[in-house]
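Below: one structure, written as structure tokens.
Chain letters run A, B, ... following the sequence lines, proteins first, then strands; residues in each count from 1.
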Number of protein chains: 2
Amino acid sequence: MGIDTRQRILTATNELFRHHGYNGTSLSQVSKAAPATIGSIYHFFPGGKEALAVAVIDSTATVYRQLFESIVAETNDPASAFSLFFDQAGQMLVETDFIDPCPIGTIAREVASTSDPIRRAAEAAFDSWVEAATDYLVRNGIRQGEARDLATLFVITTEGGFVLCRTKRSIEPLHAVARTTSPLISSALASRSPTPSKA
Amino acid sequence: MGIDTRQRILTATNELFRHHGYNGTSLSQVSKAAPATIGSIYHFFPGGKEALAVAVIDSTATVYRQLFESIVAETNDPASAFSLFFDQAGQMLVETDFIDPCPIGTIAREVASTSDPIRRAAEAAFDSWVEAATDYLVRNGIRQGEARDLATLFVITTEGGFVLCRTKRSIEPLHAVARTTSPLISSALASRSPTPSKA
DNA sequence: GTCTATAATTTGATAGAC
DNA sequence: GTCTATCAAATTATAGAC
């Protein structure tokens with residue numbers, strides 16, 4: 001059972017960050033929640049708390065990118081794919097009593113001015129999400145520039161939606177996002193050049 | 001000069017929160033930056049750090065609401081009014097080397113699970129912004145329900161835009177917001193019922 | 001209203017036995 | 001790999017002189 005100690009530490013830290021942010025989480029809390037001794041934490045993460053944050057951000061980036069890909073893979077219409085993503089995020093919020101679904105935005109805003117390694121990890125995460133959504137929209141016939149703008153809006157409304165939902169303890173803000181932005185995808189699809197794809 | 005000590009404390013705290021968030025800011029930092037002694041801080045804010053945060057959130061809510069009202073008062077077209085707001089926010093980001101323009105979103109996400117007074121203050125701030133933007137859109141002929149959705153999207157994209165801009169040290173995300181959401185306002189205006197207003 | 005001193009606790013991090 | 005013990009520094013908050 002020694003092998004998954006690293007993963008236990010990572011999982012516990014992720015949850016604590018989503019509860020209390022970066023500066024609000026102490027290593028003693030992590031040690032207790034994992035559970036793992038302080039010595040073990042420093043064994044797996046010699047860079048201490050900062051390295052732990054980078055690892056949490058990297059793994060969260062991957063998990064959310066995979067969630068996005070799995071949702072679009074199961075959905076025919078791109079406009080409803082994004083709505084489905086917002087629905088699923090809202091469901092997560094309710095099930096967890098409005099714990100933050102994503103640790104990255106909070107951590108980035110807390111320490112963007114003081115920890116460049118963490119800021120860069122968060123930047124890479126957001127970039128990878130924008131890229132994944134852009135590629136998906138381009139695959140559906142939307143031209144590169146418009147696709148990138150819409151993908152950026154998608155990530156921004158996700159993060160901004162989490163801010164309002166967590167604050168208001170309501171998923172209504174995410175519903176407003178879905179209602180207002182869904183027509184943007186539809187209209188971009190409608191105005192694409194009528195080159196037939198192999199689908 | 002005793003009279004504005006309270007204001008100096010408030011201003012210094014606001015700036016420190018935007019730099020390092022709530023848990024990343026200590027009262028000793030506030031004391032040094034204000035400047036004011038710890039005793040003075042507790043004299044004006046007997047509730048300590050938590051009361052200080054509520055006061056910062058309340059004052060920030062008012063300042064931003066006034067900024068919004070002043071921008072829309074100087075602009076003819078609602079679609080360009082929102083773009084102007086995003087432009088101005090972007091300008092602020094560049095001028096301050098990407099210090100967070102708004103302390104509320106960060107603080108709310110940090111302590112929404114642990115401090116209900118702070119969470120409620122942040123909720124009131126967001127609500128007041130949504131209400132101001134909704135009223136403005138309704139005054140311009142957009143029906144209540146659609147206006148509220150667009151106003152909510154406006155606040156969400158502002159907060160989410162700050163997250164990405166601060167993380168990427170770039171104002172390009174806010175530009176993407178302006179480009180993608182501006183047509184939504186225009187189309188809502190175009191489809192309003194043709195009742196003539198007194199403008 | 002402002003100041004200094006300090007209480008009581010917790011923090012991130014390290015050392016070294018096992 | 002895991003554990004305990006411990007460091008030096010910083011934290012919020014309070015007390016009481018001026």
Side-chain angles (χ1 to χ4, degrees), chain A residues 1-57 103 106-107 110-119 121, chain B residues 1-17 19-57 103 106-107 110-111 113-119 121:
Chain A
M1 67 160 70
I3 264 199
D4 53 339
T5 298
R6 194 193 128 99
Q7 187 55 49
R8 284 206 319 278
I9 293 170
L10 223 45
T11 304
T13 307
N14 183 303
E15 240 168 87
L16 284 164
F17 280 172
R18 285 161 48 203
H19 257 285
H20 310 114
Y22 178 77
N23 288 309
T25 300
S26 68
L27 292 184
S28 70
Q29 285 177 291
V30 173
S31 169
K32 185 181 171 190
T37 61
I38 295 277
S40 282
I41 295 175
Y42 276 92
H43 171 74
F44 287 106
F45 302 94
K49 198 178 174 183
E50 190 177 50
L52 204 38
V54 170
V56 164
I57 289 172
T106 313
I107 301 180
E110 282 182 86
V111 301
S113 301
T114 44
S115 167
D116 216 53
I118 292 178
R119 185 192 67 75
Chain B
M1 64 162 72
I3 264 197
D4 52 339
T5 299
R6 194 194 127 98
Q7 187 56 48
R8 283 207 319 277
I9 294 170
L10 223 45
T11 304
T13 307
N14 183 303
E15 241 168 86
L16 284 163
F17 280 173
H19 257 285
H20 309 112
Y22 179 78
N23 288 309
T25 299
S26 68
L27 292 185
S28 70
Q29 286 177 292
V30 173
S31 169
K32 186 181 171 190
T37 61
I38 295 276
S40 283
I41 295 175
Y42 275 93
H43 172 74
F44 287 106
F45 302 94
K49 197 179 175 184
E50 189 178 50
L52 206 38
V54 169
V56 163
I57 289 172
T106 314
I107 300 179
E110 281 183 88
V111 301
S113 302
T114 44
S115 167
D116 216 53
I118 293 179
R119 184 192 67 75

Please state how far atom CG in A:Asn23 lies from atom C1' in D:dT12, giving the value in whole angstrom units. 15 Å
Quick one: is C:dT11 close enough that its OP1 or OP2 comes under 4.0 Å of any side-chain N or O from A:Ser28? yes
Within the structure shown, what part of the strands sits under 4.0 Å from B:Ser31 by heavy-atom distance: base, sugar-phosphate, or nothing? nothing
Check whether B:Thr25 reaches the backbone of B:Leu16 with its side chain - one donor and one acceptor, N or O, closer than 3.5 Å. yes
Using modelled atom types only, decide if a donor and an acceptor are shared between the side chain of A:Ser31 and the backbone of A:Leu27 within a distance under 3.5 Å. no
Protein-nucleotide distance (B:Leu52, atom CG; D:dT12, atom P), rounded to Å: 11 Å
Using atom CG of A:Leu27 as one end and atom P of D:dC7 as the other, report the distance to the nearest whole Å. 19 Å
C:dA13 P sits how many Å from A:Ile41 CD1, rounded? 11 Å
Which nucleotide sits closest to the side chain of B:Ile38: C:dT11, D:dT2, D:dT14? D:dT14
Is A:Thr37 near enough to D:dT4 that one of its side-chain N or O atoms lies under 4.0 angstrom from OP1 or OP2? no
Looking at D:dG1, I'd like to know if its phosphate oxygens (OP1 or OP2) sit under 4.0 Å from a side-chain N or O belonging to A:Ser40. no
Among C:dA13, D:dG1, D:dT12, which nucleotide sits nearest the side chain of A:His43? D:dG1
Between the side chain of A:Lys32 and the main-chain N/O of A:Thr37, is any donor-acceptor distance below 3.5 Å? no
Please classify the nucleic acid contact of B:Gly39 as base, sugar-phosphate, or nothing, using heavy-atom distances under 4.0 Å. base
Taking D:dG1, C:dG1, C:dG12 as options, the one with an atom nearest any side-chain atom of A:Ser26 is C:dG12
Check for a donor-acceptor pair, side chain of A:Glu110 on one end and backbone N or O of A:Gly21 on the other, with a separation under 3.5 Å. no
C:dT10 C1' sits how many Å from A:Gln29 CD, rounded? 11 Å
Length of the NZ-C1' vector between A:Lys32 and D:dT2, whole Å: 20 Å
Nearest-angstrom distance from the residue atom OH of B:Tyr42 to P of D:dT11: 12 Å
Using atom types as modelled and distance alone, determine if a side-chain donor or acceptor of A:Arg8 lies under 3.5 Å from a backbone N or O of A:Pro35. yes
What's the closest nucleotide to the side chain of A:Lys49 if the choices are D:dT4, C:dA13, D:dT14? C:dA13
